[in-house]
Amino acid sequence: MLESILNEAFISAYTHLYQQQPEQKFVSFQKTRTEFEGDMTLVVFPFTKQLHQSPEKIANEIGQQMLLENALIKRFNVVKGFLNLLMDDSYWIDFYNQNLENLTFGKATAPKNEHIVIEYSSPNTNKPLHLGHIRNNLLGWSVAEILKANGYKVTKVNLVNDRGIHICKSMIAWQKWGKQTPEEADLKGDKLVGAMYVRFDQELKKEIATLVSEGETQENAAKNAPLMVQAQQMLRKWEANDTETKQLWSTMNGWVYAGFDSTYKKLGVDFDIIYYESETYLLGKAIVFEGLSKNIFVKKPDGSIWCDLTADGLDEKLLLRSDGTSVYMTQDLGTAEQRATSLYPQKMIYVVGNEQNYHFDVLKIVLKKLGREWASGIEHLSYGMVELPEGKMKSREGTVVDADDLMDEMIATAKLTTETLGKSDELSEKEADSLYRLIGLGALKYFMLKVDPKKTMMFNPTESIDFNGNTGPFIQYTHARIRSIIRKAQLANISTKAKTTLKETQPKEKSLLKLLHSFPNIVEQAGENRSPALVANFMFELSKEFNQFYQASPIFKEDDSDLRSFRIGISSLTAQVLKTAGTLIGMEMPEKM
RNA sequence: GGUCCGGUAGCUCAGUUGGAUAGAGCAGCAGCCUUCUAAGCUGCGGGUCGUGGGUUCGAACCCCGCCCGGAUCACCA
């Protein structure tokens with residue numbers, strides 16, 4: 001790594017000059033701004049106190065000494081307190097020669113002895129997946145891939161919420177107004193069950209309105225509406241293992257899973273383990289009783305069990321209802337312990353929206369109070385909501401952007417754009433369809449992942465996602481351009497991966513090499529920050545740089561064959577890095593487009 | 001009300017964890033195709049980094065106050 005080389009050179013120069021060690025926390029190298037000559041810049045201001053000399057003097061002395069000691073440093077210049085160091089071109093050319101055929105370039109060279117479990121998606125089975133789930137799924141999947149690339153052992157898990165009152169609502173509605181299988185209704189299973197859930201809600205509202213008009217209070221009406229009573233009855237039957245209820249429940253869930261599977265598949269996400277809440281919802285009660293017996297929790301007169309977190313700056317938290325049934329927190333305590341004691345991970349990452357920050361704060365604190373050492377490995381990857389121009393998505397107001405619909409629209413737009421540009425003329429129907437899919441999904445994934453996960457992001461359905469500028473298709477297009485060059489070179493029998501004997505680089509080539517050089521560092525940063533956005537932004541940066549190079553230096557018009565192969569090699573490495581980076585954010589790269 | 005998160009160009013977003021004169025894309029305007037793919041490239045205009053203080057050689061970034069927006073504080077999940 002360049003930074004560690006320079007860091008060593010700096011320490012050596014510093015100790016030689018001043019007979020003392022520099023404070024490591026003050027040593028900061030950064031990329032030199034383009035308006036100055038140099039590759040890396042050392043900020044020397046922090047050392048003025050220790051040395052009692054002007055920043056310019058220190059910078060000059062250190063620059064001189066580093067130049068003397070290290071052959072990789074070619075020149076230096078000093079602007080105010082900034083020491084700009086120019087590396088010898090041989091550094092970049094060596095990098096090129098060494099990695100030209102390194103197919104795993106960018107990924108960690110040695111495995112880390114650490115296991116990370118990452119949970120994402122975690123849908124309810126009463127609603128189809130929507131735009132918010134898309135962000136969740138893409139983020140979780142991508143972070144998992146990035147962590148793998150960093151050498152971690154990663155297990156992707158999904159906890160499906162397949163039981164509870166909401167499922168019973170869909171079941172009641174289906175019995176009353178549905179009675180059709182997905183095939184009969186010509187609907188995806190998750191869509192059918194989702195429609196039943198909506199129907200229940202509508203009918204329930206009518207009942208409540210009727211009761212209120214008859215003089216009931218709103219609260220009582222909501223509690224006593226016949227439909228609500230039936231749903232609760234059904235939940236009790238379910239918990240009592242009633243055969244008929246369980247039968248219907250598993251049939252309808254089966255429809256939903258088939259629907260989810262097709263959405264996941266289209267989106268390109270997968271899981272190593274799928275947990276079902278119906279199988280885990282009783283876990284956790286034992287933990288609550290354990291905490292009660294250790295006097296960490298308290299039981300109230302009505303029988304409910306609580307954890308007092310006021311000393312931690314939070315509130316009292318319910319852990320078990322007065323009737324002895326679980327709440328969300330109870331189950332999460334249980335599933336966390338289940339994972340910790342069966343998979344033995346060093347970290348457990350939960351990809352869950354920031355609306356649940358409080359929940360995860362509580363989860364960690366409660367587990368720590370219970371003395372679970374592994375609780376410190378729990379990490380909430382808290383991402384921001386996706387908002388529409390009119391604000392949050394609301395299922396009841398029909399402003400939800402459906403995941404399947406969105407993907408289909410993206411693919412249709414890709415088709416239209418491609419045909420308009422006349423780029424599919426030479427493709428077979430099959431090739432063309434797979435290209436539209438690749439572009440449409442590339443556009444969607446890049447759009448979702450280029451934004452910092454923590455931030456709330458805006459999605460405007462009417463403007464649809466762009467294909468020009470800072471977009472997935474722009475990057476894919478760049479890749480396709482390079483592949484076209486490679487094919488042309490192969491036809492002309494020019495090696496695309498020839499080491500070079502050149503001694504110098506030109507500006508655009510060097511900028512590209514510098515960017516390529518930074519790729520492993522980007523992958524590492526993205527892993528540490530759990531941020532696919534860093535990879536996405538890097539890909540854009542690299543593509544932009546390549547397109548400038550492409551436009552400025554026509555490769556096959558170059559007479560000097562050494563220079564020509566060098567440029568082909570750089571192009572080839574660029575395409576490879578784009579492809580590798582693409583695998584980290586789930587964006588495929590086309591050969592032609 | 002308490003707690004947490006956010007506010008950067010007309011719009012969507014970056015800003016390497018405190019460094020140099022704050023950057024991209026879109027939208028607008030003006031150029032570049034007898035072509036290694038124009039889904040591209042070049043140029044122009046566009047900013048009180050919400051606001052007021054503080055910390056220091058240096059702040060969009062750290063601290064405090066205020067304004068605005070969001071989330072959360074359920075015997076919901």
Side-chain angles (χ1 to χ4, degrees), chain A residues 28 30-33 35-36 41 43 45-46 48-49 55 79-82 84 122 124 161 164-166 277 300 302-306 313-323 325-329 331-332 353-359 361-362 382 384-385 387 389 391-392 414 417-418 420-421 423 439 443 447 450-452 454-460 463 466-478 480-489 492 518 521-522 525 529 533-534 536-537 540-541 543-544 546-548 550-558 567-568 571 592-593:
Chain A
S28 92
Q30 54 194 277
K31 283 186 197 162
T32 304
R33 302 205 114 205
E35 56 263 42
F36 306 107
T41 295
V43 185
F45 288 108
T48 52
K49 261 190 194 151
V79 182
K80 293 190 274 183
F82 299 92
N84 301 320
S122 305
N124 290 351
N161 182 1
I165 190 77
H166 48 280
E277 208 188 285
K300 294 204 171 174
D302 66 0
S304 57
I305 299 177
W306 298 73
L314 303 170
D315 300 304
E316 285 193 312
K317 186 74 191 174
L318 176 83
L319 299 177
L320 211 58
R321 294 194 186 99
S322 51
D323 64 4
T325 57
S326 301
V327 289
Y328 184 34
M329 185 60 70
Q331 298 172 38
D332 260 7
N354 59 16
E355 57 200 351
Q356 291 192 33
N357 286 352
Y358 181 74
H359 174 80
D361 287 348
V362 173
S382 162
M385 299 288 101
E387 287 191 353
K392 282 187 71 176
T417 309
T418 308
T420 308
L421 292 170
K423 301 224 180 195
I439 296 171
F447 182 87
K450 76 172 178 186
V451 180
D452 184 333
K454 293 192 300 275
K455 294 197 174 173
T456 304
M457 65 178 290
M458 172 67 75
F459 175 78
N460 190 336
E463 284 178 8
D466 231 309
F467 285 19
N468 299 319
N470 188 357
T471 66
F474 168 77
I475 293 162
Q476 293 171 320
Y477 178 68
T478 308
R481 271 184 153 176
I482 299 174
R483 294 304 302 168
S484 170
I485 292 172
I486 303 295
R487 283 191 298 273
K488 189 167 176 179
S518 71
N521 190 36
I522 298 287
Q525 294 283 317
N529 292 311
L534 298 182
N537 289 329
F540 175 58
E541 198 73 21
S543 299
K544 223 173 20 167
F546 181 84
N547 278 319
Q548 288 168 14
Y550 175 95
Q551 216 93 19
S553 342
I555 289 169
F556 292 101
K557 285 187 186 152
E558 178 55 54
R567 286 179 176 165
I568 292 171
S571 303
K592 298 178 186 173
M593 79 178 262

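Being a predicted model, the structure only gives us computed values, none of them experimental.
Atom-to-atom, CD of E463(A) to P of C26(B) comes out at 14 Å; the value is rounded to the nearest Å. We find that CZ of F556(A) is positioned 9 Å from P of U37(B), with the value rounded to whole Å. For the pair M329(A) CE and A77(B) C1', the interatomic distance rounds to 11 Å; values are reported in whole Å. Rounded to an integer number of Å, the gap from N161(A) CG to C76(B) C1' is 11 Å. When the C1' atom of U16(B) is taken as reference, atom CZ of R33(A) falls 12 Å away, rounded to whole Å. Atom-to-atom, CZ of F459(A) to P of U12(B) comes out at 14 Å; the value is rounded to the nearest Å. Between the CD1 atom of I485(A) and the P atom of U35(B) there is a distance of 16 Å, rounded to whole Å. Atom CD in E387(A) sits roughly 10 Å away from atom C1' in A71(B) (whole-Å rounding).
To the nearest whole angstrom, the two C1' atoms, one in A9(B) and one in A71(B), are 28 Å apart. Annotation: C68(B) and C44(B) have their C1' atoms spaced 34 Å apart (nearest Å). Distance check on atom P: G43(B) versus C5(B) gives 40 Å, rounded to whole Å. G25(B) and C61(B) are spaced 26 Å apart, taking the P atom of each and rounding to whole Å. Comparing the same atom, C1', in C57(B) and in G50(B) gives a spacing of 28 Å after rounding to whole Å. If you take atom P in C63(B) and the same atom in U16(B), they sit 16 Å apart, rounded to whole Å. Remark: the separation of the P atoms in G53(B) and C49(B) is 13 Å, to the nearest Å. Across the C1' atoms, G18(B) and G54(B) are found 15 Å apart, a figure rounded to whole Å.
Across all their heavy atoms, F556(A) and A489(A) have their closest contact at CZ-N, 3.8 Å. Between G469(A) and F474(A) the shortest heavy-atom distance is O-CB, 3.0 Å. Summarising the geometry of F447(A) relative to M458(A), their closest heavy-atom pair is CZ-O, 3.7 Å, with the distance given to 0.1 Å. When all heavy atoms of M385(A) and G353(A) are compared, the pair lying nearest together is CE-CA, 3.8 Å. The heavy-atom pair separating G81(A) from P55(A) by the smallest distance is CA-CB, 3.8 Å. Listed here is the closest heavy atom pair of L319(A) and V327(A): O-CG2, 3.8 Å.
Dashed line: the shortest gap from a side-chain N or O of R321(A) to OP1 or OP2 of A77(B) is under 4.0 Å.
Here C26(B) is the nucleotide among C26(B), A14(B), A71(B) with the atom lying nearest to any side-chain atom of D466(A). The side chain of N529(A) lies closest to U17(B) when the candidates are C13(B), A14(B), U17(B). Of the candidates A77(B), A20(B), G25(B), A77(B) carries the atom nearest the V327(A) side chain, counting heavy atoms from C-beta on.
Each of K592(A) and E277(A) was assigned the nucleotide of RNA chain B with the nearest heavy atom; the assignment lying further toward the 5' end belongs to K592(A).
Counting only heavy atoms from C-beta outward, the side chains of Y358(A) and L314(A) approach each other to under 4.5 Å. Looking at heavy atoms from C-beta onward, I485(A) lies out of side-chain contact with K488(A) at the 4.5 angstrom threshold.
R321(A) places no side-chain N or O within donor-acceptor distance of the main-chain N or O of S304(A), the cut-off being under 3.5 Å. Under the 3.5 Å distance criterion, the side-chain polar atoms of S571(A) are matched with a main-chain donor or acceptor of R567(A).
Among residues two or more places apart in sequence or in another chain, the side chain to side chain contact (heavy atoms under 4.5 Å, CB included) test is passed with Y477(A) by K423(A), R481(A), M593(A). For E277(A), the salt bridge (Lys or Arg N to Asp or Glu O under 4.0 Å) criterion is met by R163(A), not counting sequence neighbours.
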_Watson-Crick or G-U pairs under 3.5 Å in RNA chain B, rendered as dot-bracket with [ ] for crossing pairs and | for another strand_ = (((((((..((((.....[...)))).(((((.......))))).....(((((..]....))))))))))))....
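In C33(B) the base sits syn relative to the sugar, since the glycosidic angle is no further than 90° from 0. Applying the 90° criterion around 0 to the glycosidic angle, U34(B) comes out anti.
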Under 3.5 Å, which N/O atoms of the protein pair with N/O atoms of nucleotides 1-9 of chain B?
none

Sub-3.5 Å pairs of nitrogen or oxygen atoms, protein against nucleotides 54-65 of chain B:
none

Protein-nucleotides 39-44 of chain B N/O pairs under 3.5 Å:
unit_1: A39(B); atom_1: OP1; unit_2: K423(A); atom_2: NZ; d: 2.5
unit_1: A39(B); atom_1: OP1; unit_2: Y477(A); atom_2: OH; d: 3.2
unit_1: A39(B); atom_1: O4'; unit_2: N468(A); atom_2: OD1; d: 3.4
unit_1: A39(B); atom_1: O3'; unit_2: N468(A); atom_2: OD1; d: 3.1
unit_1: A39(B); atom_1: N6; unit_2: T418(A); atom_2: OG1; d: 3.1
unit_1: G40(B); atom_1: OP1; unit_2: G469(A); atom_2: N; d: 3.0
unit_1: G40(B); atom_1: OP2; unit_2: N468(A); atom_2: OD1; d: 3.4
unit_1: G40(B); atom_1: O2'; unit_2: R481(A); atom_2: NH1; d: 2.8
unit_1: G40(B); atom_1: O2'; unit_2: Q551(A); atom_2: OE1; d: 3.1
unit_1: G40(B); atom_1: N2; unit_2: Q551(A); atom_2: NE2; d: 3.1
unit_1: C41(B); atom_1: O4'; unit_2: Q551(A); atom_2: OE1; d: 3.0
unit_1: U42(B); atom_1: OP1; unit_2: Q548(A); atom_2: NE2; d: 3.3

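Contacts of V451(A) with the nucleic acid, taken as non-hydrogen atoms under 4.0 Å apart, involve only primed sugar atoms and P, OP1 or OP2. The residue N84(A) sits close to a base: some heavy atom pair falls under 4.0 Å. The residue Q525(A) sits apart from the nucleic acid: no heavy atom pair falls under 4.0 Å. At the heavy-atom level, K450(A) lies nowhere under 4.0 Å from the strands shown. Residue contacts for F36(A): at a heavy-atom cut-off of 4.0 Å it reaches a base atom on one of the strands shown. A533(A) comes within 4.0 angstrom of no nucleic acid atom, judged by non-hydrogen atoms across all strands.
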*Take K454(A) and D452(A) through the test salt bridge (Lys or Arg N to Asp or Glu O under 4.0 Å) and record every step on the way to the result.*
CA-CA 6 Å; K454(A) 293 192 300 275; D452(A) 184 333; 3.8 Å; yes
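Both stacking criteria are satisfied for F82(A) over the base of A20(B): a centre-to-centre distance under 5.5 angstrom and an angle between ring planes under 30 degrees.
Rounded to the nearest 0.5 angstrom, N547(A) CG and T478(A) OG1 are separated by 4.0 Å. Taking OG1 of T418(A) as the start and CD1 of I439(A) as the end, the distance is 4.0 Å to the nearest 0.5 Å.
Checking N357(A) against S382(A) by side-chain atom types alone, a donor-acceptor pair falls below 3.5 Å.
Between H359(A) and Y328(A), the two ring planes are parallel [angle under 30°; tilted spans 30° to 60°].
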